[in-house]
Amino acid sequence: MKWSKAFIPTVKEDPSDAEVVSHKLMVRAGLMRKLAAGAYSYLPLGYRTLRKIEQIIRREMEAVGALELHMPVIQPGELWERTGRLKAYGPVLMNFTDRHGRRVVLGPTHEEVITTLVADNISSYKQLPLNLYQIQTKFRDEYRPRFGVLRTREFLMKDAYSFHLTIEDLKVTYEKMYQAYCRIFDRCGLDYVIVEAESGPIGGESSHEFMVPTEAGEDTLVRCSCGYAANLERATAATPKTEPKESPKDLRQVHTPGATTIDELTKMLNTPAEQLIKTLVLVGDGKPLAALVRGDHELNEAKLAHAAGVSNVQMADAQTIEKLTGAAVGFAGPVGLSDLPIIADKAVQGMVNAATGANKTDYHLLGVNPGRDFTPSTVADIRLAAPGDRCAKCNGELKFSKGIEVGHVFQPGAKYSDALGAQVLNEKGKNQPVLMGTYGIGLNRIMAAAIETRADEQGIIWPMSIAPFQVILVQLGQSDQVLATAEKLYEDLTARGCEVLWDDRDARPGVKFNDADLIGIPLRITIGEKALAKGNVELKPRTEKQPQLLEPAAAVDTVMRLINS
RNA sequence: CGGAGCGUAGCUCAGCUUGGCUAGAGCGCUGCGUUCGGGACGCAGAGGUCGGAGGUUCAAAUCCUCUCGCUCCGACCA
């Protein structure tokens with residue numbers, strides 16, 4: 001492709017609305033342009049990379065026996081009601097009403113559609129396992145699209161769904177897909193870590209996320225040198241050892257006017273936050289419950305829901321809290337709160353002479369001792385891990401960092417089959433629900449993550465595998481000799497299957513070199529009078545400083561060797 | 001949805017506080033010339049409903065009200 005015939009609108013300055021490196025560079029290198037918040041056009045150069053990522057994914061999916069299909073973006077809202085996800089996704093679901101007054105959902109994912117498909121067309125265990133995937137645009141009306149292409153309202157996703165008779169068989173495919181994902185991200189040149197994850201609205205127990213560590217990421221990774229890795233929602237920390245410094249004292253009520261926050265309370269009582277018990281009133285599946293965490297800890301609602309055996313929890317409103325505790329918000333405490341299930345974090349269990357709310361406006365209790373003054377109905381890990389925490393497995397120091405989620409694998413099992421009636425006859429002629437695994441990859445995020453983690457001050461540095469072109473020919477000047485050499489190189493390389501971008505523009509060398517670096521093509525061949533006087537051209541990988549002088553034919557051989565290595 | 005900020009040429013921005021003359025700069029773009037190995041220079045040009053609507057005023061990019069869009073922080077989420 002000649003640059004003069006291409007559409008590669010590079011720009012010198014960072015776009016004013018871009019914050020992260022990948023966003024800036026994708027715009028500057030002419031890969032994409034924004035249409036509206038969370039909606040981007042991919043220009044020819046950017047689309048080439050996206051298609052290369054697609055091809056890598058297709059190869060690896062085929063290698064593990066997944067079959068490509070294509071499902072509708074528009075989906076009946078009724079299907080989403082049946083699985084309860086109309087509510088679970090809430091306003092994130094893009095939807096509209098059609099001319100007949102029916103609710104239509106723009107698919108954010110396709111569990112409902114594929115399960116219906118399988119329910120209607122698979123009836124025997126002999127047809128299992130089955131593994132289907134598609135690569136398609138998904139729609140999610142995000143609260144806040146941001147960071148360029150990292151969180152958008154419309155994005156390209158590879159979504160796969162596998163179906164099984166037994167949990168063992170599901171695990172076999174899950175493992176295969178997990179390995180295939182590793183190969184995909186390896187081939188895309190990403191450094192990634194795999195973390196244990198929460199399943200969120202997809203559902204299911206075991207779940208892993210593929211994360212690319214970078215400051216630009218939105219997700220928080222919690223890792224330990226022993227190999228433990230989880231995302232923040234899932235991470236478990238060792239329960240801090242509290243060595244009782246004093247013997248239990250008597251309960252004492254103190255006047256604490258207006259102290260409704262941990263901060264105010266630590267000042268007023270002159271007590272460290274770790275001596276306080278935070279009592280939170282929540283509603284789980286419509287029923288109120290109390291959650292207890294140490295004052296310096298944060299509640300993890302997903303863990304709480306799990307411990308309480310409910311599908312989700314949310315903070316109770318002020319009215320409910322006042323009714324249940326008999327006090328204004330900020331003065332709740334576990335002592336005497338006998339009507340509610342009390343779920344205490346493990347770290348609360350060993351506390352001695354803690355301070356809590358007194359269930360009386362403007363009063364707190366001192367000398368509170370779990371076991372003596374109140375008894376939790378459940379003790380579990382219900383808090384968020386925090387910097388400074390130790391690893392639950394090896395007691396090493398937990399490290400916190402940011403990452404971009406590029407892939408996620410789940411095992412929802414029978415969740416959708418039960419809701420949508422996907423059953424098969426087993427060997428004994430009895431109906432049983434099909435078990436499901438689901439697997440997702442964000443293609444745009446792969447692209448952004450590759451840029452984010454590999455760029456330098458000059459611009460993008462593509463890995464060979466997903467570079468829009470493998471080689472850029474930089475032609476300096478328009479002399480007959482230069483032109484003829486460029487032409488020959490272009491033909492020879494193209495004939496050998498190499499993807500070449502030929503910068504034939506009548507521009508100054510600096511402009512061309514800077515653009516070449518900006519768009520990040522892995523190999524650059526410079527054709528100029530200087531080297532050509534001795535019959536040479538210059539070959540320089542994007543990552544190297546100094547070029548190598550070679551005769552054109554040798555340059556072609558070297559390029560092909562570098563591409564195939 | 002709460003908090004903050006920003007909308008002026010294709011892009012990046014100045015001008016707004018304290019209303020006033022033909023609305024500016026750099027980059028990019030067009031033409032001509034000189035240049036040509038890491039974002040050249042000269043000359044001549046094209047390009048603007050100052051986000052939109054309403055209001056105040058003799059007069060609005062500038063002040064007021066409403067509205068739309070974008071960005072960041074938070075909440076929430078994959």
Side-chain angles (χ1 to χ4, degrees), chain A residues 9-20 23-24 27-28 30 33-40 85 88-93 108-109 111 138-148 150-153 155 157-159 195 197-204 207-211 217-220 231-234 298 301-302 312 314-315 403-410 438-442 444-445 457-459 474-479 482 503 505-518 524-533 536-538 540 545-547 549:
Chain A
T10 59
V11 291
K12 283 190 200 170
E13 279 168 296
D14 286 337
S16 62
D17 58 1
E19 200 73 12
V20 297
H23 186 190
K24 291 176 183 172
V27 172
R28 289 227 290 131
R33 287 293 185 266
K34 182 171 76 184
L35 174 66
Y40 292 88
R85 292 169 102 201
Y89 269 91
V92 173
L93 270 189
T109 170
E111 281 82 6
K138 303 291 191 230
F139 297 85
R140 297 187 189 180
D141 194 358
E142 292 292 346
Y143 290 88
R144 181 142 89 91
R146 60 174 160 181
F147 299 150
L150 289 176
R151 181 167 296 270
T152 52
R153 294 191 295 175
F155 59 99
M157 181 173 173
K158 188 280 313 184
D159 46 324
V195 302
E198 278 301 321
S199 298
I202 305 277
S207 166
H208 292 90
E209 282 176 346
F210 294 75
M211 297 278 201
E218 283 189 281
D219 295 283
T220 302
N231 68 14
L232 184 61
E233 290 71 41
R234 180 78 173 196
E298 292 294 325
E301 294 187 9
N312 71 75
Q314 55 195 46
M315 299 300 281
I404 299 170
E405 179 192 351
V406 290
H408 200 159
V409 292
F410 308 83
T438 107
Y439 319 87
I441 288 180
N444 320 72
R445 281 184 178 179
E457 299 72 39
Q458 277 21 273
V474 176
Q475 164 201 331
L476 300 184
Q478 305 285 339
S479 75
V482 165
D503 191 350
R505 293 175 299 173
D506 185 15
R508 294 172 67 84
V511 172
K512 294 190 172 195
F513 289 139
N514 280 307
D515 268 349
D517 286 346
L518 178 60
R524 186 180 90 192
I525 298 179
T526 305
I527 305 134
E529 304 275 6
K530 226 157 74 179
L532 220 45
N536 288 326
V537 296
E538 294 164 27
K540 188 185 91 64
K545 273 264 167 282
Q546 291 304 321
L549 288 169

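This structure is a prediction, so every number in the text was calculated from the model and none was measured. Any value given below was found using the heavy atoms of this structure, including those in side chains, with hydrogens, waters and symmetry copies removed.
Interface remark: the A:Arg144 side chain does not form any donor-acceptor pair with the B:C72 base, using a distance-only criterion of under 3.5 Å. Between the side chain of A:Arg508 and the base of B:U35 there is at least one donor-acceptor pair of N/O atoms closer than 3.5 Å. Judged by distance alone with a 3.5 Å cut-off, a donor-acceptor contact links the side chain of A:Arg524 to the base of B:G38. Judged by distance alone, with hydrogens and angles left aside, A:Glu13 brings a side-chain donor or acceptor within reach of the base of B:G26, the pair sitting under 3.5 Å. One donor-acceptor pair, N or O on each side, does fall under 3.5 Å between the base of B:G37 and the side chain of A:Glu538.
As the counterpart of B:C63, B:G55 is assigned, both hydrogen-bonding distances of the Watson-Crick or G-U wobble pattern falling under 3.5 Å. Both distances falling under 3.5 Å, in either a Watson-Crick or a G-U wobble arrangement, place B:C32 opposite B:G42.
Judged purely by atom type and a 3.5 angstrom limit, A:Arg140 has no side-chain atom pairing as donor or acceptor with the backbone of A:Thr152. With hydrogens and angles disregarded, a donor-acceptor distance shorter than 3.5 Å links the side chain of A:Gln475 to the backbone of A:Gly477. A donor-acceptor contact shorter than 3.5 Å links the side chain of A:Arg445 to the backbone of A:Leu150.
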Please list, for nucleotides 68-70 of chain B, all pairs of protein and nucleotide N/O atoms separated by less than 3.5 Å.
unit_1 : atom_1 : unit_2  : atom_2 : d
B:C70  : OP1    : A:Ala37 : N      : 2.9
B:C70  : O3'    : A:Lys34 : NZ     : 2.9

Under 3.5 Å, which protein N or O atoms sit close to an N or O of nucleotides 49-52 of chain B? Give each pair with its distance.
none

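Among the atoms of the strands shown, none is found under 4.0 Å from any heavy atom of A:Gly477. Among the protein residues, A:Val11 comes within range of no part of the nucleic acid, since none of its heavy atoms lies under 4.0 Å from any strand. Nucleic acid contact for A:Phe155: base, since at least one base atom lies under 4.0 Å from a heavy atom of the residue. Using a 4.0 Å heavy-atom criterion, one finds that A:Pro9 contacts no nucleic acid atom at all. Contacts of A:Arg33 with the nucleic acid, taken as non-hydrogen atoms under 4.0 Å apart, are absent. If you check every strand for non-hydrogen atoms under 4.0 Å, A:Asp515 touches a base.
The neighbour count for A:Gln458 CD, taken as heavy atoms of other residues, nucleotides or ligands under 6.0 Å away, is above 12.
For A:Asp506 and B:U35, the CG to C1' distance is 11 Å, given to the nearest whole Å. The nearest whole Å value for the distance from the NZ atom in A:Lys24 to the C1' atom in B:C11 is 15 Å. To the nearest angstrom, C1' of B:A4 lies 14 Å from CD of A:Glu19. Atom-to-atom, CG of A:Leu476 to P of B:G38 comes out at 9 Å; the value is rounded to the nearest Å.
For A:Ser16, whose side chain is taken as the heavy atoms from C-beta onward, the closest listed nucleotide among B:G39, B:U12, B:C76 is B:U12.
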